[in-house]
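Below, read A as the first sequence line, B as the second, and so on, with proteins coming before strands; counting in each chain starts at 1. These numbers were taken from a predicted model, which means no experiment stands behind them.
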Protein chains: 2
Amino acid sequence: MVLPGGAHSGVSQLRRGILQFCVLALLRDGEKYAFELVRELCDAHDLATSEGTIYPLLSRLRKEGWVSTAWQESETGPPRRYYTLTASGRTALSDFAREWGTFKSTVDKLLDQ
Amino acid sequence: MVLPGGAHSGVSQLRRGILQFCVLALLRDGEKYAFELVRELCDAHDLATSEGTIYPLLSRLRKEGWVSTAWQESETGPPRRYYTLTASGRTALSDFAREWGTFKSTVDKLLDQ
DNA sequence: GGCAGGTACCTTGTAGCGCATGGTACTTCC
DNA sequence: GGAAGTACCATGCGCTACAAGGTACCTGCC
């Protein structure tokens, strides 16, 4: 999938450390598989992402114990690995939401004044 | 200078691509030198930074042409290299402020809902 | 049958940036 | 003259987003 913005544009750097929590947020409402997550992140403009980003990211989330996975057959293609938010993943998400809030206001204060 | 949070904590990743524009923002009101910038960023909580971060960062800003520099003698210590925001630096800063606004609202939409 | 295209998974290598660490040099104070 | 503070800088590492490429399954078309 070809994306606008280039490899290491400014926006790309912004995603660092945030993208994983956006994925966790998308998983709050139920299990999803990787391809589906890529599409949803592309729909949410400014978060357009490729598979090369998502798969390693999901692998890290699994290692952290923030998601659990289960294979399911698909009627329209190859089998899918579905990701589900765990309890500790939910905690990590709400912890990050707090951090994000304070960080955001710090940056806003600097930029806006 | 020893900082809390560790080398590669979550907050550290958040700063990526943002820190340089916070520095530009600090330079809006007049020239400053590196050590001064470190102190001001430390005062602004959540942006505590060390010299090992600032000096390469300022070097990049200079290469981009976003800041210009001039040496000035100090009466209380070694000479200081003062950094001044250029016209293109000012443009880059306001461009980023727009990007930051849309990015912020995108993330907020995902996290808050 | 065979081939193109879509779906879905994954790996490998690269690059950038923040950070830890360490080094140099000047000044002040004890 | 030694310690502490100020001020500069360089080197090496680790994390993460991305590009590029690879495998396998299914459908539809010729």
Side-chain angles (χ1 to χ4, degrees), chain A residues 1-23 31-42 46-64 69-83 103, chain B residues 1-23 31-42 46-64 69-83 103:
Chain A
M1 185 178 297
V2 181
L3 295 170
H8 299 103
S9 65
V11 187
S12 163
Q13 291 294 327
L14 279 184
R15 296 184 191 137
R16 287 231 163 201
I18 299 191
L19 205 55
Q20 53 183 323
F21 294 104
C22 292
V23 167
E31 59 179 11
K32 293 196 164 77
Y33 61 100
F35 228 68
E36 196 179 357
L37 287 166
V38 171
R39 273 195 299 255
E40 292 195 14
L41 288 171
C42 283
D46 283 341
L47 286 175
T49 313
S50 73
E51 304 166 47
T53 300
I54 282 295
Y55 285 105
L57 187 154
L58 287 169
S59 170
R60 289 195 301 269
L61 295 183
R62 203 167 13 140
K63 265 181 211 148
E64 289 283 339
T69 67
W71 285 97
Q72 286 184 31
E73 305 246 349
S74 162
E75 293 180 356
T76 63
R80 298 165 176 169
R81 195 207 280 270
Y82 278 86
Y83 295 81
F103 177 76
Chain B
M1 186 178 296
V2 181
L3 296 170
H8 300 102
S9 64
V11 188
S12 163
Q13 291 294 328
L14 279 184
R15 294 184 191 138
R16 287 228 164 204
I18 299 190
L19 207 53
Q20 52 184 325
F21 294 103
C22 292
V23 168
E31 59 179 11
K32 291 196 166 78
Y33 61 100
F35 227 69
E36 195 179 357
L37 287 165
V38 170
R39 273 195 297 253
E40 292 195 14
L41 289 170
C42 281
D46 283 340
L47 286 176
T49 314
S50 73
E51 304 167 48
T53 301
I54 283 294
Y55 285 105
L57 187 155
L58 287 170
S59 169
R60 290 194 302 271
L61 295 183
R62 204 166 16 140
K63 265 182 210 146
E64 290 282 340
T69 67
W71 285 95
Q72 285 183 31
E73 305 247 348
S74 164
E75 295 179 356
T76 63
R80 299 164 176 169
R81 196 208 280 271
Y82 277 86
Y83 295 82
F103 178 77

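- The phosphate of C:dG18 (OP1 or OP2) has a side-chain N or O of B:Arg60 nearer than 4.0 angstrom.
- Atom CG of residue B:Leu58 and atom OG1 of residue B:Thr69 lie 9.5 Å apart, to the nearest 0.5 angstrom.
- For A:Leu19, whose side chain is taken as the heavy atoms from C-beta onward, the closest listed nucleotide among D:dC18, C:dA8, C:dG18 is D:dC18.
- Look at CD1 on A:Ile18: it is 13 Å from P on C:dG18, rounded to the nearest Å.
- Panel note: side chain A:Arg15, backbone A:Ala48; a donor-acceptor pair is recorded below 3.5 Å.
- When each of B:Phe35, B:Tyr33, B:Trp71 is paired with B:Tyr82, the ring pair (Phe, Tyr, Trp, His ring centres under 6.0 Å) condition holds for B:Tyr33 and for no other.
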Problem - Derivation and outcome, side chain to side chain donor-acceptor pair (under 3.5 Å), residues B:Glu31 and B:Gln72 - result: CA-CA 11 Å; B:Glu31 59 179 11; B:Gln72 285 183 31; 3.0 Å; yes
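- Of the listed nucleotides (D:dC8, D:dT16, C:dC19), D:dT16 has the atom at the smallest distance from the side chain of A:Gln20.
- No engagement by A:Phe21 is indicated, since no non-hydrogen atom pair under 4.0 Å with the nucleic acid exists.
- A:Arg80 has no side-chain polar atom (N or O) that falls below the 4.0 Å cut-off from OP1 or OP2 of C:dC10.
- Rounded to the nearest 0.5 Å, atoms CG (B:Leu57) and CD (B:Glu51) are 13.5 Å apart.
- C:dG18 atom P lies 11 Å from atom CG of B:Leu47, rounded to whole Å.
- Among the nucleotides C:dA8, D:dC8, C:dG18, the one closest to any side-chain atom of B:Leu57 is C:dG18.
- Closest contact between the side chain of B:Ser12 and the listed nucleotides C:dC19, C:dC10, D:dA17 involves C:dC19.
- Remark on DNA chain D: of its neighbouring residues B:Gly77 and B:Tyr82, the 5'-side contact belongs to B:Gly77, judged by nearest-heavy-atom nucleotide.
- Going from atom CD1 of A:Ile54 over to atom P of D:dA17 covers 9 Å, rounded to whole Å.
- Rounded to whole Å, atom P of C:dT7 lies 12 Å from atom OH of A:Tyr55.
- Within the 4.0 Å cut-off from OP1 or OP2 of D:dC18, at least one side-chain nitrogen or oxygen of A:Thr53 is found.
- The interatomic distance linking A:Leu14 (CG) with C:dG18 (C1') rounds to 15 Å, in whole Å.
- The shortest distance between the side-chain N/O atoms of B:Arg81 and the OP1/OP2 oxygens of D:dC9 is below 4.0 Å.
- Taking atom OH on B:Tyr33 and atom C1' on C:dC26, their separation rounds to 14 Å, with Å as the unit.
- Distance, B:Leu61 CG to D:dC9 C1': 16 Å, rounded to whole Å.
- The interatomic distance linking B:Leu41 (CG) with C:dC19 (C1') rounds to 14 Å, in whole Å.
- Of the candidates C:dA15, C:dA20, D:dC8, the closest approach to any side-chain atom of B:Ser50 belongs to C:dA20.
- Which of C:dT7, C:dC10, D:dA17 sits closest to the side chain of A:Phe35 comes down to C:dT7.
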